[in-house]
Amino acid sequence: MSSPKRHKLLLLGTIVAYCLIGVEIVIMISPFALYFYSIYGPVLDSLSASPLTSWTTEFFLPHMVFTSDLLINAISYLQVLLVIGLVLFFSAALPLYYGRFTGHGVVKFSFYSKIRHPQYLFLAISGFGLLLYWPRFIILVMYITMLFVYYALARNEEWRMKQEAGESYERYMAQTPMFLPGEPGAKLYQLLFGWIKPKWLGILATYLVTLAMAVMLAYGLRSYTVRQLPVVTISQSFTLAPVFERPVAEVREVYEAISQEPEVVAALADKGGSNLAYLMPGDFFLTAVVTDEERRYSDEMIERFPEILEWNKRKFSGGLAKFLRIFYNFVKQLGKVEEDYDIERFVFFQVRDRQGQLVTDLELFAMGHQRLPVLLVDVDADFHEILSVVTLSNNHKWGKMPMPTF
């Protein structure tokens with residue numbers, strides 16, 4: 001196989017890999033989740049099975065637990081870049097294809113009057129928003145990789161354009177920055193790695209250093225996030241993690257109402273105990289990432305989303321249209337969600353290290369541990385009466401694949 005073909009196949013393979021990983025969250029909330037995870041799941045399982053690679057499947061920002069920390073919330077607002085980047089990407093396609101179809105030659109208007117490759121820039125912006133929305137380390141690695149793939153693709157396109165347009169495109173290159181006005185990336189590269197020859201080796205060094213720094217920053221964000229979680233320590237051997245911040249006294253009150261109930265005590269003893277429990281509303285929208293039990297919808301939720309009950313019975317019939325109808329109703333109701341829930345739900349976990357031992361409260365959210373859901377207890381929110389006690393299968397909706405733990 002010739003070198004150009006190998007180069008194209010490498011770029012194509014990297015793009016496909018990034019897309020598969022990057023759309024995980026989009027697929028996960030669609031009717032096609034089970035089919036997707038039947039292919040992607042074994043990859044996550046293999047990575048999480050080894051101490052050397054298990055970190056890649058972990059999350060470095062919260063996705064399930066909501067905090068009031070200003071930094072974390074500020075970062076979470078940047079998730080909107082996912083949509084903004086996509087809108088800009090398709091907007092940048094219009095002048096490009098208009099110029100091609102009308103025979104204008106080198107497109108130099110609209111976004112292309114400011115930078116040479118706006119579409120790659122906007123894809124990078126959108127990818128950053130996606131990374132913050134579903135922040136696995138493996139997506140971070142692929143995102144950084146894709147930035148360098150975009151650079152390689154842009155250089156390849158410029159080589160082809162110089163063959164087609166000759167001096168016209170070379171003048172355009174001389175007058176127009178590649179990705180950002182002022183070429184900060186090129187200047188930083190020359191300062192730090194410009195002395196490395198040949199250039200491909202300098203680019204490789206830049207990639208490795210950038211990747212290492214990004215992973216280190218993500219580790220720091222993860223450590224910071226864990227310190228900000230609204231956990232309530234009951235004892236050194238048991239911790240409660242409410243998914244929404246609540247007064248500590250209120251969390252303790254709800255827990256004390258069930259902790260001495262014979263049915264709960266017996267069920268936990270039969271499963272070998274628990275060192276972590278999440279406290280959430282019974283209709284919490286991310287229940288499936290921690291347990292394989294169905295959500296227990298409140299009367300208020302059913303009134304607002306009547307399609308939910310039908311969807312819950314026939315998840316894969318009617319498919320995408322039904323799913324989008326529910327999503328449309330959800331968007332219409334944004335900002336109107338009440339925090340007065342009918343049902344409190346406890347999901348008890350065993351968090352074990354690689355030797356199978358229950359970990360202490362200081363290690364509950366450390367990376368590489370097994371998290372096994374063992375018991376689910378639903379409680380009436382007003383009277384604190386137990387509605388149901390369900391022994392769990394140690395799995396969530398997608399088996400044992402790594403999911404958000406905070």
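These numbers come from the heavy atoms of this one structure, side chains and all, not from hydrogens, waters or symmetry mates.
Ring geometry for Phe179 against Tyr151 counts as tilted: the plane angle lies between 30° and 60°, on a 0 to 90° scale. Classification of the Phe66-Phe244 ring pair by plane angle, with boundaries at 30° and 60°, yields parallel. Relative orientation of the Phe348 and Tyr255 rings is tilted, given thresholds of 30° and 60° on the angle between their planes.
Side-chain contact between Ser113 and Thr176 is absent, with no heavy atoms from C-beta onward closer than 4.5 Å. The side-chain heavy atoms of Arg136 and Thr57, taken from C-beta on, include a pair separated by under 4.5 Å. Proximity of Met403 to Val290: side-chain heavy atoms (C-beta onward) are nowhere separated by under 4.5 Å. At least one side-chain heavy atom of Met146 sits under 4.5 Å from a side-chain heavy atom of Val149. When side chains are defined from C-beta on, Val374 counts as touching Asn394, because their heavy atoms get closer than 4.5 Å. Residues Asp361 and Ser235 are not in side-chain contact: their nearest non-hydrogen atoms beyond the backbone lie 4.5 Å or more apart. In this structure the side chain of Phe137 reaches within 4.5 angstrom of the side chain of Met367, judged on heavy atoms. Between Phe346 and Leu375, every side-chain heavy-atom pair lies at or beyond the 4.5 Å cut-off.
For the ring pair (Phe, Tyr, Trp, His ring centres under 6.0 Å) criterion with Phe122, the lone passing option out of Phe89, Phe90, Phe111 is Phe111. Tested against Val248, the residues Val231, Leu240, Val232 include a single side-chain contact (heavy atoms from CB on, under 4.5 Å) partner, Val232.
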Evaluate Glu256 against His384 for side-chain contact (heavy atoms from CB on, under 4.5 Å), listing each step before the verdict. CA-CA 10 Å; Glu256 289 170 2; His384 294 173; over 6 Å; no

Under the side-chain contact (heavy atoms from CB on, under 4.5 Å) rule, what do Met64 and Tyr278 come out as? Steps first, then yes or no, please. CA-CA 10 Å; Met64 184 177 69; Tyr278 292 98; 3.4 Å; yes

Side chain to side chain donor-acceptor pair (under 3.5 Å) assessment of Arg354 paired with Ser54: CA-CA 11 Å; Arg354 291 192 175 275; Ser54 61; 3.2 Å; yes

Can Phe60 and Val215 be said to form a side-chain contact (heavy atoms from CB on, under 4.5 Å), step by step? CA-CA 10 Å; Phe60 57 88; Val215 171; over 6 Å; no

Take Thr67 and Gln228 through the test side chain to side chain donor-acceptor pair (under 3.5 Å) and record every step on the way to the result. CA-CA 7 Å; Thr67 80; Gln228 304 307 314; over 6 Å; no

Going through the checks in order, is the side-chain contact (heavy atoms from CB on, under 4.5 Å) test met by Tyr224 and Asp69? CA-CA 10 Å; Tyr224 178 82; Asp69 181 76; 2.6 Å; yes

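Sparse packing is recorded around CD of Glu167, with 12 or fewer heavy atoms of other residues, nucleotides or ligands lying under 6.0 Å away.
When every heavy atom of Tyr143 is checked against every heavy atom of Ala124, the shortest pair comes out as OH-O, 2.8 Å. Ser126 and Leu82 make their closest contact through OG-O, 2.8 Å (heavy atoms, listed as atom of the first residue, atom of the second, distance). Closest non-hydrogen pair, Leu211 versus Val141, comes out as CD1-CA, 3.9 Å. Across Thr405 and Arg222, no two heavy atoms sit closer than the pair OG1-NH2, 4.2 Å. Nearest heavy-atom pair, Arg252 versus Thr233, reported as atom, atom and distance to 0.1 Å: NH2-O, 2.9 Å. Between His63 and Leu286, the closest heavy-atom pair is O-CD1, 3.2 Å.
Of the possible polar contacts, one joining the Thr225 side chain to the Leu221 backbone as a donor-acceptor pair under 3.5 Å is found. Judged purely by atom type and a 3.5 angstrom limit, Thr53 uses its side chain to pair as donor or acceptor with the backbone of Leu47. The closest donor-acceptor contact from the side chain of Ser274 to the backbone of Phe349 lies under 3.5 Å. Here the side chain of Arg246 pairs no donor or acceptor atom with the backbone of Pro230 at under 3.5 angstrom. At distances below 3.5 Å, not a single donor-acceptor pair connects side-chain atoms of Glu344 with backbone N or O atoms of Val254. Using a distance-only test at 3.5 Å, with no hydrogens or angles considered, a donor-acceptor pair links the side chain of Arg116 to the main chain of Met173. Judged by distance alone, the side chain of Asn275 and the main-chain N or O of Val359 form a donor-acceptor pair under 3.5 Å. Judged by distance alone, with hydrogens and angles left aside, the side-chain atoms of Ser223 form no donor-acceptor pair with the main-chain N or O of Gly220 at under 3.5 Å. Remark: the backbone N or O of Lys271 is paired with a side-chain donor or acceptor of Gln350 at under 3.5 angstrom.
With values rounded to the nearest 0.5 angstrom, Leu78 atom CG is found 11.0 Å from Asn73 atom CG. For the atom pair CD (Glu157) and CE (Met161), the distance works out to 9.0 Å, reported to the nearest 0.5 Å. To the nearest 0.5 angstrom, Phe128 atom CZ is 10.0 Å from Leu147 atom CG. Atom NE2 of residue His117 and atom CD of residue Gln119 lie 10.5 Å apart, to the nearest 0.5 angstrom.
Checked against the 6.0 Å centroid threshold, Tyr169 and Tyr172 count as a close aromatic pair.
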